[in-house]
Structures are given as C-alpha cells and as structure tokens.
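Counting from 1, the numbers follow the sequence of the chain as shown. Remember, it's a predicted structure, so these values are computed and weren't measured experimentally.
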Amino acid sequence: MSGFDSNPFGSAVDVNPFQDPSVTQVTHSGVDRLEQYSPFPATDSGDLTGPTIPASAAPSQPAVLQPSVEPSPQATAAAGQANLLRQQEELERKAAELDRREQELQNRQVTTGKENNWPPLPKSFPIKPCFYQDFSEEIPQEHQRVCKMMYYLWMLYCVTLFLNVLACLAFFTAGTNYGVDFGLSILWFILFTPCSFLCWYRPVYKAFKTDSSFSFFFFFFIFFAQVVVTIIQSVGIPNWGNSGWISASTVVREHLAVGVVMLVVAVFFTVCAVMSVVLLKMVHGHYRHTGASFQKAQQEFSQGVLTNRTFQSAAASAAASAAQSSAQRN
C-alpha cells in the first residue's frame, strides 16, 4: 500500500516559477542585457567606420567667360588652303580609283574575248577597230529592229555622200565653173561620214544599250540637225556642194547624162530625209516607253561631269590656284 501513501486531496506544494535559478540570475544582476546585445557581428562593426573625406576648404569662384578671339586673315586663308588641298587629295584618290576600275574592266574585256570589232578591218591592217558592236548581245530585243534601221540609215547616208561626190565630179566636167560644188562635196563626205556615226548613231546605240536618258536627248538634238541638213542637201542649192533637185534641174537640159546622175543622187538624199523623219519618230516612241526623262538626263550629265577625270583635274588646279592667290593677297 506504499504506492497509495500520498494523499491526492492534500494541499498542493506552492511552487514559484520565478524562483528558477536562471531567472533569478538575470533579474538580480546589475548589468542591462539589452545594452549588451548587438545585432551586427563584431567583425562587421569595424568595417563600417572608414576615413572621412574632408570637404574642400577652397572658396568657390564665379565662372568667367573667355573673350572670343577672331581668327586672323592669314589663319583663315591657311585653313581654306588646307581644306582645298584635302579636297584635291580626295579627288585624286577618286580618280585613281576610277583608273583602277577602268583598267579592271579593260582586263576583263580582254579575258572574256570582247575585242573591238568595228569597223571590220583586216588583222594585218595597221589601224585596229575602235568600237565594239553586237546588236544581239548589247541591245534589248524590243529595240534591236530600230537600232539596226538607224545603222542602215547611216550606211545609206554615207553611200549617198559618196555618190554626191561622183555627181559633182560629173557636174564639174560639164562646166569648169562648177568646181566649187565638187570641192564642197569632198568636204561634206570627209566631214559628215565620221561625224554622223559619232554624233547620232553611237548615241542612239548607247541609249538603247544602257537606257540612258542623256544619250537619248543628245541624239534627238543632233539628229534633228541631221534631218535639216539632209533636207537642204536634197533640195540642192547651187554652189553648196550638193547634187539636189535644183542643181540637177539646171544641168539636165544641157547635159542629159550628168543631169540623170544628179537626179539619182537627189532621190537618194530625199530617201535619206524621209527615212530620217520616220526613224526619229520611231526612236521617240521607244524613248517614251523606256521611262526616260529630262530629270534623269540632268542627273546622268552631272554625275558624268563630276566623275570625269579631266574635269576633276581642272577643278583641283583651279581651286589650288585660287587658294594660293588668296593667301598671297592676305
């Protein structure tokens, strides 16, 4: 019964929780534990204190505007001359680049076998062909017919000029006072044969080849003058070196054979004039369908002038001389 000796209904022992030794040690000590507590580690507290950067003790001064200095005329002239020299060097560099590209294009043409083939001269001939011409390769299909007709017109005109020389020679044999016509006919043949090829046939060939507005306008201007010249030649004004209708009618009564020859040449000149008018209209029709315009012609002309080496050299020389003269005056 020893296990039942304790009375469960007895008075409970008074137990004071504040008598715990750990509690009494804190409450009876004179040190404030809150002041000892630091949330930061002791190692970090030393790093927060660093050297203080003192403020500048120098007194601040107000901003002072520097007076503007006008450059002297000598300095201005020197700067202008330096700018012109720099532009000249730039132009020379571009000219050298254009020379290099042109040389590359020439080498490429040699490697690809595109050699000049016009005029068709024998290989043993001392003068070599000056132009490359191939309608099927360089001219678009829709322009080949008109371009070939222009070439045939040029050939017909050259033949007519040669026949005009023969007719004027016959005219000269009929009367010694007609020697002026014979001399002028030789001059027209020598002058108009190459000039017509270079001044209106090659421009229209280039216009159809590259769709160049400037070449079209150049062709229209020159070819219109060619039409006027051909009409005058077909009329045959005396002492103008043309075997036309008037000249042929004046001699046919006295010398029938000479008159017939001159009438044939007058017919040739008339055919050339009519074909020139027709082809001028046909070229103008093709020109309207290519999208060319006067503004494009102006742009092509300005670009061609600015990239021309002769123009660049002349402009650079003029600029350098102007800069030197201005520097000497100052």
Side-chain angles (χ1 to χ4, degrees), residues 118-122 125-131 133 146-205 218-284:
W118 200 97
L121 300 174
F125 202 72
I127 301 177
K128 301 300 179 182
C130 304
F131 304 96
Q133 178 174 288
V146 179
C147 192
K148 289 181 179 179
M149 291 179 67
M150 293 297 300
Y151 181 62
Y152 298 149
L153 174 63
W154 174 79
M155 295 178 65
L156 177 63
Y157 184 65
C158 293
V159 172
T160 305
L161 290 175
F162 179 72
L163 294 178
N164 181 59
V165 173
L166 299 180
C168 289
L169 176 60
F171 195 26
F172 177 56
T173 58
T176 56
N177 55 338
Y178 301 126
V180 177
D181 293 279
F182 176 63
L184 289 177
S185 65
I186 296 176
L187 177 63
W188 302 149
F189 176 74
I190 297 175
L191 180 65
F192 288 149
T193 299
C195 288
S196 59
F197 182 85
L198 296 175
C199 294
W200 57 263
Y201 170 68
R202 287 301 296 183
V204 75
Y205 184 89
F218 186 81
F219 162 76
F220 289 139
F221 179 76
I222 300 298
F223 196 69
F224 180 78
Q226 171 67 30
V227 172
V228 175
V229 169
T230 310
I231 293 175
I232 293 175
Q233 289 175 332
S234 64
V235 171
I237 301 175
N239 297 326
W240 279 35
N242 301 314
S243 179
W245 294 104
I246 297 178
S247 299
S249 61
T250 57
V251 75
V252 69
R253 300 172 184 176
E254 300 177 1
H255 304 278
L256 182 59
V258 176
V260 170
V261 172
M262 296 183 68
L263 286 175
V264 171
V265 176
V267 171
F268 270 78
F269 274 125
T270 304
V271 172
C272 289
V274 174
M275 287 188 62
S276 298
V277 174
V278 174
L279 287 177
L280 179 62
K281 186 177 180 181
M282 293 178 64
V283 173
H284 185 265

**Request:** For S276, check side-chain hydrogen bond (donor to acceptor under 3.5 Å, both in side chains) against everything at least two apart and list the hits.
**Result:** none
**Item:** Distance in Å, L163 CG paired with C158 SG, rounded so as to fall on 0.5 Å steps
**Value:** 11.5 Å
**Request:** Report yes if the side chains of V227 and I231 come closer than 4.5 Å at any heavy-atom pair, otherwise no.
**Result:** yes
**Prompt:** Which distance, rounded to the nearest 0.5 Å, do you find between the CZ of F171 and the OG1 of T173?
**Reply:** 10.0 Å
**Closest heavy-atom pair and its distance - L198, R202** = O-CB, 4.1 Å
**Complete:** Between the CG atom in L191 and the CG atom in L161, the distance rounded to the nearest 0.5 Å is 9.5 Å
**Message:** Would you call the rings of Y201 and Y151 parallel, tilted or perpendicular, taking 30° and 60° as the class edges?
**Reply:** tilted
**Item:** Considering all heavy atoms, the nearest P119-C130 contact
**Value:** CD-N, 4.0 Å
**Message:** Within the 4.5 Å heavy-atom criterion, are V229 and Y157 side-chain neighbours or not?
**Reply:** yes
**Request:** Starting at CH2 of W188, measure out to CG of L184 and round the result to the nearest 0.5 Å.
**Result:** 5.5 Å
**Prompt:** Of all residues at least two apart in sequence or in a different chain, which pass the side chain to side chain contact (heavy atoms under 4.5 Å, CB included) check with L156?
**Reply:** T160, F268, V271, C272, M275
**Asked** Closest approach of G259 and V251, non-hydrogen atoms and distance?
**Response** CA-CG1, 3.8 Å
**Message:** To the closest 0.5 Å, what do you measure between CG (L187) and CZ (F182)?
**Reply:** 12.0 Å
**Request:** Give the intermediate values and the outcome of ring pair (Phe, Tyr, Trp, His ring centres under 6.0 Å) for residues Y205 and W118.
**Result:** CA-CA 13 Å; Y205 184 89; W118 200 97; over 10 Å; no
**Test applied, side-chain contact (heavy atoms from CB on, under 4.5 Å); reference residue, M262; option that passes from C168, S249, S247** = S247
**Request:** Without swapping roles, check the side chain of N164 against the backbone of N242 for a donor-acceptor pair under 3.5 Å.
**Result:** no
**Message:** Using every non-hydrogen atom in the two residues, find where I246 and P238 come nearest and quote the distance to one decimal.
**Reply:** CG2-CD, 4.0 Å
**Enclosure of F131 CZ (heavy-atom neighbours >12, cutoff 6.0 Å)** = yes
**Request:** Working to the nearest 0.5 Å, report the span between OG1 of T193 and CE of M155.
**Result:** 12.0 Å
**Item:** ring-ring contact (aromatic ring centres under 6.0 Å, His included) partners of residues 223-253, not counting sequence neighbours, each pair once
**Value:** W200-F223, F219-F223
**Item:** Over 12 foreign heavy atoms within 6.0 Å of NZ, K128
**Value:** yes
**Request:** Can you see which heavy atom on F189 is nearest to which on P194, and at what distance?
**Result:** O-CD, 4.4 Å
**Prompt:** So which heavy atom on D181 is nearest to which on N239, and how close?
**Reply:** OD1-N, 3.0 Å
